[in-house]
Amino acid sequence: MNPFEMSGLEFVQAMLEGKLAHPSMADTIPMRATEAARGHVKFTVRADTRHLNPLGGVHGGFAATVLDSVTGCAVHTMLDAGVGYGTVDLNVKMLKAIPLDRELTAEGRVIHLSRSLGVSEGSIRDAEGTLFAHATATCAIIRK
């Protein structure tokens with residue numbers, strides 16, 4: 001299975017199905033893709049004691065990394081085979097402290113796609129719908 005011959009959606013779905021290895025970052029920041037459709041992804045995430053800041057709360061970098069991942073993957077699902085992307089701007093709003101050792105849902109969705117830019121938004125919520133963090137991202141579309 002050559003990932004460079006797959007569309008972005010096929011690539012993300014192959015990771016979700018275990019046909020491609022998940023990125024090693026998903027071991028550092030525990031996250032797994034659970035849904036992927038054109039312009040939309042959903043992950044499960046869980047902060048643990050590796051993600052604490054000096055004051056004992058979950059470091060903001062946890063949410064930022066998760067949101068960068070879901071917003072980027074959402075853009076990726078819209079791209080043809082051989083087309084890449086890179087985040088050029090990520091604007092994160094931390095609304096509530098991320099809880100420790102609790103499964104959360106992170107979602108990303110595309111809100112605009114042009115030939116050269118993809119704009120997406122992401123959120124981290126619990127099962128009750130409480131919003132912990134929100135982000136918008138701009139990705140450069142890289143065509144050969």
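Each residue takes its place number in the sequence, starting with 1.
Here the CD-CG distance, from E10 to D80, works out to 10.0 Å after rounding to the nearest 0.5 Å. Atoms CE and OG1, on M31 and T28 in that order, are 8.5 Å from each other to the nearest 0.5 Å. Summarising the geometry, atom CE belonging to M25 is positioned 7.0 Å from atom OG belonging to S69; distances are rounded to the nearest 0.5 Å. Atom-to-atom distance recorded for H112:NE2 and T136:OG1 is 13.5 Å, nearest 0.5 angstrom. With rounding to the nearest 0.5 Å, the separation of NZ in K42 from OG1 in T34 is 6.5 Å.
Screening residues 18-38 for ring pair (Phe, Tyr, Trp, His ring centres under 6.0 Å) gives no qualifying pairs among residues at least two apart or on separate chains. Residue pairs meeting the ring pair (Phe, Tyr, Trp, His ring centres under 6.0 Å) criterion with at least one member in residues 115-144: none, sequence neighbours excluded. Sorted by first and then second residue, the pairs that involve residues 64-91 and meet ring pair (Phe, Tyr, Trp, His ring centres under 6.0 Å), not counting sequence neighbours, are F11-H76, H76-Y85. Applying the ring pair (Phe, Tyr, Trp, His ring centres under 6.0 Å) test to pairs two or more places apart or on separate chains, those with a residue in residues 33-54 are H51-F62.
Each of I111 and V12 belongs to its own hydrophobic cluster when Ile, Leu, Val, Met, Phe, Trp and Tyr are linked at side-chain heavy-atom distances under 4.5 angstrom. Hydrophobic clustering, with ILVMFWY side chains joined whenever heavy atoms are under 4.5 angstrom apart, keeps M15 apart from L79.
Contact record, G122 with L67: C-CD2, 3.5 Å, taken as the closest heavy-atom pair. L16 and A33 make their closest contact through CG-O, 3.7 Å (heavy atoms, listed as atom of the first residue, atom of the second, distance). Minimum interatomic distance between I124 and A106 (heavy atoms only, all atoms of both residues): CG1-CB, 4.2 Å. Counting all heavy atoms, side chain and backbone alike, T71 lies closest to A137 at OG1-CB, 3.4 Å. Of all heavy-atom pairs between R143 and V83, the closest is NH1-CG2, 3.8 Å. Of all the heavy atoms in V66 and V45, the pair that sits closest is CG1-CG1, 3.7 Å.
Surrounding CZ of R115 are at most 12 heavy atoms belonging to other residues, nucleotides or ligands under 6.0 Å away.
Hydrophobic clustering, defined by side-chain heavy atoms of Ile, Leu, Val, Met, Phe, Trp and Tyr closer than 4.5 Å, leaves L55 isolated from every other such residue.
T77 contributes a side-chain N or O that, together with a main-chain N or O of G39, makes up a donor-acceptor pair within less than 3.5 Å.
Side-chain contact check for V75 versus M78: every heavy-atom pair is 4.5 Å or farther apart.
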Using residues 87-102 as the side-chain source, report each donor-acceptor pair under 3.5 Å to any protein atom, sequence neighbours left out, with the distance given to one decimal.
{"residue": "T87", "atom": "OG1", "partner": "D68", "partner atom": "OD1", "Å": "2.9"}
{"residue": "R102", "atom": "NH2", "partner": "D126", "partner atom": "OD2", "Å": "2.5"}
{"residue": "R102", "atom": "NH2", "partner": "E128", "partner atom": "OE1", "Å": "3.3"}

